[in-house]
4 protein chains.
Amino acid sequence: MEKGGEISMTNRQISGYMQSYRLKRAGTLDELETVKEEIPQVQRGEVLVKVKATSLNYRDLAMVHNDYPGGVADNLIPLSDGAGEIVAVGEGVRRFQVGDRVAGNFTKEWFGGKRPVYTEPYGSHSDGWLTEYKVLNPELLVAIPDHLSYEQASTLPCAAVTAWSALHGPSPLAAGDTVLTLGSGGVSVFAIQLAKLLGLRVIATTSSDKKAEKLKELGAEDVINYQSTPNWGEVVKERTGGVQRVVEVGGPATIKQSLQAVANGEEVAMIGVLTKEGDKLDYFDIFGRASTRTIGVGSREDFENMNKLIADKKMTPIIDSMFSFDQVREAFEYLASQKFFGKIVIRHN
Amino acid sequence: MEKGGEISMTNRQISGYMQSYRLKRAGTLDELETVKEEIPQVQRGEVLVKVKATSLNYRDLAMVHNDYPGGVADNLIPLSDGAGEIVAVGEGVRRFQVGDRVAGNFTKEWFGGKRPVYTEPYGSHSDGWLTEYKVLNPELLVAIPDHLSYEQASTLPCAAVTAWSALHGPSPLAAGDTVLTLGSGGVSVFAIQLAKLLGLRVIATTSSDKKAEKLKELGAEDVINYQSTPNWGEVVKERTGGVQRVVEVGGPATIKQSLQAVANGEEVAMIGVLTKEGDKLDYFDIFGRASTRTIGVGSREDFENMNKLIADKKMTPIIDSMFSFDQVREAFEYLASQKFFGKIVIRHN
Amino acid sequence: MEKGGEISMTNRQISGYMQSYRLKRAGTLDELETVKEEIPQVQRGEVLVKVKATSLNYRDLAMVHNDYPGGVADNLIPLSDGAGEIVAVGEGVRRFQVGDRVAGNFTKEWFGGKRPVYTEPYGSHSDGWLTEYKVLNPELLVAIPDHLSYEQASTLPCAAVTAWSALHGPSPLAAGDTVLTLGSGGVSVFAIQLAKLLGLRVIATTSSDKKAEKLKELGAEDVINYQSTPNWGEVVKERTGGVQRVVEVGGPATIKQSLQAVANGEEVAMIGVLTKEGDKLDYFDIFGRASTRTIGVGSREDFENMNKLIADKKMTPIIDSMFSFDQVREAFEYLASQKFFGKIVIRHN
Amino acid sequence: MEKGGEISMTNRQISGYMQSYRLKRAGTLDELETVKEEIPQVQRGEVLVKVKATSLNYRDLAMVHNDYPGGVADNLIPLSDGAGEIVAVGEGVRRFQVGDRVAGNFTKEWFGGKRPVYTEPYGSHSDGWLTEYKVLNPELLVAIPDHLSYEQASTLPCAAVTAWSALHGPSPLAAGDTVLTLGSGGVSVFAIQLAKLLGLRVIATTSSDKKAEKLKELGAEDVINYQSTPNWGEVVKERTGGVQRVVEVGGPATIKQSLQAVANGEEVAMIGVLTKEGDKLDYFDIFGRASTRTIGVGSREDFENMNKLIADKKMTPIIDSMFSFDQVREAFEYLASQKFFGKIVIRHN
């Protein structure tokens, strides 16, 4: 793949050309094209980030296939998760300086407190991170932990912050509590890693003995095979007396068992919709049992708090595989296979 | 009705006989009988309460009809809600003294913090309040506000504390938030009254114009007729942009509309099951919308905090009608009619 | 006073000249001068505010007299509190549009959650609001309640948000709690007004019977003359059994009595330093008594939450007096007199 | 030492004699005597505990020397901290059964939520645990973790719960935060142990290199010698940028340095008064810096939450030394020496 022309730096501005991926129209991967564009110039109060790595989430795939709730605008740059280096700063910027290592917060203007009513997600309503350079309001960025590479840091914005919010957000678990995770996707793997740092016990589900081993290595105290044990929720309840939290990434097909697994008065944190079909819920599936709460990733403050812990404990994200900037199509196809353990990353150079 | 014999007080003990109602076996009102029993004697650390008034809740009716989840033990004294005067105290009691005016906390040993896993509800698993005298651990009682009669105070333990927990419990609303209440039962009427003291806006539903007027007098800013507006949830969403809380007393038949009414990220507080039938829920009825949480009345601390506000603002409960101690059957029948507005009370002498 | 030349609006830009006050060097009011400057142009992501009103706080006076902790940079525009209308928006701005009515948040980049470590206060480290036009990142602004004039809204950023944080911030009081306020300055008057909306009881201090009357009109249940009752803290303790919160605006001269007034385990919210001298504190003045916490105004989310309540209850700030844009010196002198009740406002046109 | 006569168990009652220590009159250790008393009989709703071990705290010494705030009633059984086995239960007790292993909660009727206004501390206002048998309301007891001996469990009620409250109580620290502990007493050692389970960083002070080694073994990341570094608070601030919490056990002599060590907006948790003299505090020692909060041990819920973590992580308390039931005097003298590291325990048989 051809890179974006000559780069020159004058007076803190970088000029020249860059490559971006743009999804011309949501539908298929064929609509994803690279375009040559001018590197954007910082204005007052802005910073320019040289994007070093991005990571993929299921929602990115849903966008490509036009299967994302709320729709996908034409011709946007995909991907919500990216990390890079500040290479230019505009007048009056104090939050960062040239050379700082940063990642974007997933929910752009959610700085803390309640989530803003209106947001413009990267990739569906505004340009995302699958590009070489990106100009941003510095308030939309967080510093990344020193011990992480850009590739590792690029995995954090969506999956890790979601796992953090599920465990430690509005209703934080107490050390000693038990959490149930489902499968080996990005959020679930981060949930296990973070749970161990937070003093929580973990019981995980998976479909293969090999993955079960990996989940135990990450710290899961117990693993249940959800294929050989289709009533895994009830089994979790029996073994634990009911967990304090379920990190529910499955959706319609798993919610019933997840509600079975949780102790009365505790919570199912609903995150995703990896499945589309499932039995309908009875009123008494939710009444008198667990609370349910939908996790919408998290605020910049959540991200920063999580980073503090990750930095202190030197936690490293689990990367399943890395692709180069011209292998984006292959990366998406691998994501669709659901055969990975942890995160899929794209190196931008 | 014959009263319970001579009363004498010696050395802070009261001896003699009293009348109690006991439900011989759950099933019908015919199983509810009065029995003459010895007044219990306080032992170390206990108090004796002369019960002055009790109030009824739907759950009491469900117990009589053997329709209460968890079952009803034979031969217990019914009713969870009672208020009375301390007439004897055992050795070492410091929390109360003779003459103090008290009510029982609904969830006996829930003093604060998380709800205990195991409880023995009054009326279904332990003797309740439909009696003339009751001996208790003083920790199970709270002082009642000075400005309330015993009849008024007897309405608080279940319905008012439930309304309080729904508005101000684990996830307290902020002044200026809007709450949706359903109908004119005890919890809903208390929710409106307490909401006004907490600086909340109220939108209520009802089936009659007459009740609508009463609800507005209590402070509801807006009232919707749920019979002429079967999609009341959507209408509430349109008018308010989504409420911050629903006090959901309906159950299966109302939950879908309640979920429509709430703003994203806010909460449906699930309280009761006045209805038994309704459409099943789709996963997407709860995912990405409101949180759901079941309210289990509240702790002694909740009750005491609520009383502080009630006392300060001189709030008075709405009593629909009062029955005498020998009209208990009529009181239950009136409760079954669902034609009241506020609470039904039994005076014990 | 001469106004800033011709104004023309082309393509959402406003050009021409404006008047600003600048404090050439902190020291005396004589250093405060008006200068004619070009109206700043919005760049990408920015908005231009036509400032309609500003309000004064003691800290502004301290800055003029070079008595502000942290120092005051030369040649800055003073005043932290201003309100105005958006008259131009830059590319990509979604938070506000032309015509919106806004005020600036006092602590600029504090959006929610924990206060940022580093901030650049208006007036001491960055240009404040005593000017005709101001270009800003829209994230630094909040919408103001519809029922307030610009003059009224200009009083909110420092004093009202401080009072709000003291009552409802990190450790929110419960309805029915009692708060002690000191005197009749901006924060104290707002504290009384907000306390009433939050269902709190108020006991206030003052030095004059006339002000006592006004404080009672605002809703204080009780007022103590601190001159005739120098041990007012102990008297408050006697009368109330100890308050749940003190809104401590006095500083060294009042802190000892404030600590006397508060119930064990409750809190003194330390806000200001209207006094400079006082007895030293003994360890046992703070150990085993109240918690102490310094209030640093509040976040944008605090401001927005407060505005929701103010809008809902149609609360109007108490303005003592208004000055025109060319009477700024007189306004500062009046502020120094300490003879007012409520806020001092400057109208910008 | 002679034991308390024959023990017989009939119908869940235990009769016979036992030995208790009683402090005839606060003043000196000479006033501490053993007395032979009848084993108390359980009444309805009570349990009888065979006390197996007690532990000492500085406050116990202060009581003996009549140096305890609030005074010490004559002729009470000393010691707040004890653990034992339930050997008899009265009618209606459901919380525990014979054979259960329990410890007493320090603040008797504080079950959760806000601390009760009035309490009757063990040892100063009511009989404590330095006896062979003790009859109690079972609500005043908590189950102890299975992996702990009675001796280990007896160390928890005061020191461990205090440390827990300081770290995780009303204002819980977040994993990754840093805490400063002072010295090697019971609370400080527990604070270090619990901090590690909670994902916190620890910086500790001590006066000896030998103790410094032990503190590091427990998990302190950094240790400062407070004798060779009298400005240890400033040094902590330099090294850490300011800690998020100080577990302040020192009192007047250490508070100034503790306030130096803490980051702005964070908290000094004030626990004790190991020292009596120190410089007075200036208003600006507390204004604009840390919050201060006095820790009053904790509620039963705090104790139970802590136990859940201790059980899950198999944490074991550090016992410096154990004394037999007839070596109580020696135990108190050793406590006075301040030469220990961790807790001092008395075995009751």
Side-chain angles (χ1 to χ4, degrees), chain B residues 13 40-48 73 76 88-97 105 107-122 125-127 134-143 161 164-165 168-170 172 298-308, chain D residues 13 40-48 73 76 88-97 105 107-122 125-127 134-143 161 164-165 168-170 172 298-308:
Chain B
Q13 289 284 15
Q41 302 299 298
V42 294
Q43 296 191 12
R44 185 167 51 208
E46 295 180 335
V47 297
L48 181 67
L76 291 180
V89 301
E91 178 194 338
V93 169
R94 298 176 295 115
R95 185 166 164 83
F96 292 113
Q97 54 191 18
N105 191 44
T107 309
K108 293 198 235 177
E109 287 96 350
W110 188 7
F111 303 114
K114 276 197 184 182
R115 198 185 182 196
V117 172
Y118 179 74
T119 60
E120 283 193 335
Y122 289 122
H125 293 71
S126 65
D127 281 333
K134 189 165 176 54
V135 73
L136 289 136
N137 180 334
E139 300 292 347
L140 309 188
L141 301 170
V142 303
V161 175
W164 174 259
S165 295
H168 201 69
S299 70
R300 189 181 78 181
E301 186 177 40
D302 293 323
F303 198 168
E304 291 176 330
N305 286 343
M306 179 190 74
N307 281 350
K308 193 169 70 157
Chain D
Q13 289 284 17
Q41 301 299 298
V42 294
Q43 297 191 11
R44 187 167 51 208
E46 295 181 335
V47 297
L48 181 68
L76 290 180
V89 301
E91 179 194 338
V93 168
R94 298 176 297 117
R95 186 167 163 83
F96 292 113
Q97 53 191 17
N105 190 45
T107 310
K108 292 198 235 176
E109 288 96 350
W110 188 7
F111 302 113
K114 276 197 185 181
R115 197 183 181 197
V117 172
Y118 179 74
T119 60
E120 282 193 335
Y122 289 122
H125 293 73
S126 65
D127 281 333
K134 187 164 178 56
V135 73
L136 288 137
N137 180 333
E139 300 293 346
L140 309 188
L141 301 171
V142 303
V161 176
W164 174 259
S165 296
H168 200 70
S299 71
R300 189 182 78 181
E301 185 177 38
D302 293 323
F303 198 167
E304 290 176 330
N305 285 343
M306 179 189 75
N307 280 351
K308 193 168 71 157

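Below, chains carry the letters A, B, ... as their sequence lines are ordered, and counting in each starts from 1. In what follows, every heavy atom counts, from backbone to side chain, and hydrogens, waters and symmetry copies are set aside.
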| message | The test is side-chain hydrogen bond (donor to acceptor under 3.5 Å, both in side chains); show your working for B:Ser299 and B:Lys114 and say whether it passes. | response | CA-CA 8 Å; B:Ser299 70; B:Lys114 276 197 184 182; over 6 Å; no
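Between the D:Glu46 side chain and the D:Asn137 main chain, no donor and acceptor come within less than 3.5 Å of each other.
Most heavy-atom pairs under 4.5 Å with chain D: of the set B:Gly113, B:Ser126, B:Gly112, B:Pro116, this distinction falls to B:Gly113.
A search for ring pair (Phe, Tyr, Trp, His ring centres under 6.0 Å) contacts involving D:Phe303 returns nothing, not counting sequence neighbours. Listed by chain and number, the residues in a ring pair (Phe, Tyr, Trp, His ring centres under 6.0 Å) with B:Trp110 amount to none (sequence neighbours excluded).
Looking at D:Glu120, the atoms closer than 4.5 Å to chain B (heavy atoms on both sides) sit in the backbone and in the side chain alike. For B:Arg95, no part lies near chain D; criterion is any non-hydrogen pair under 4.5 Å. Heavy atoms of D:Arg300 lying under 4.5 Å from chain B belong exclusively to its side chain.
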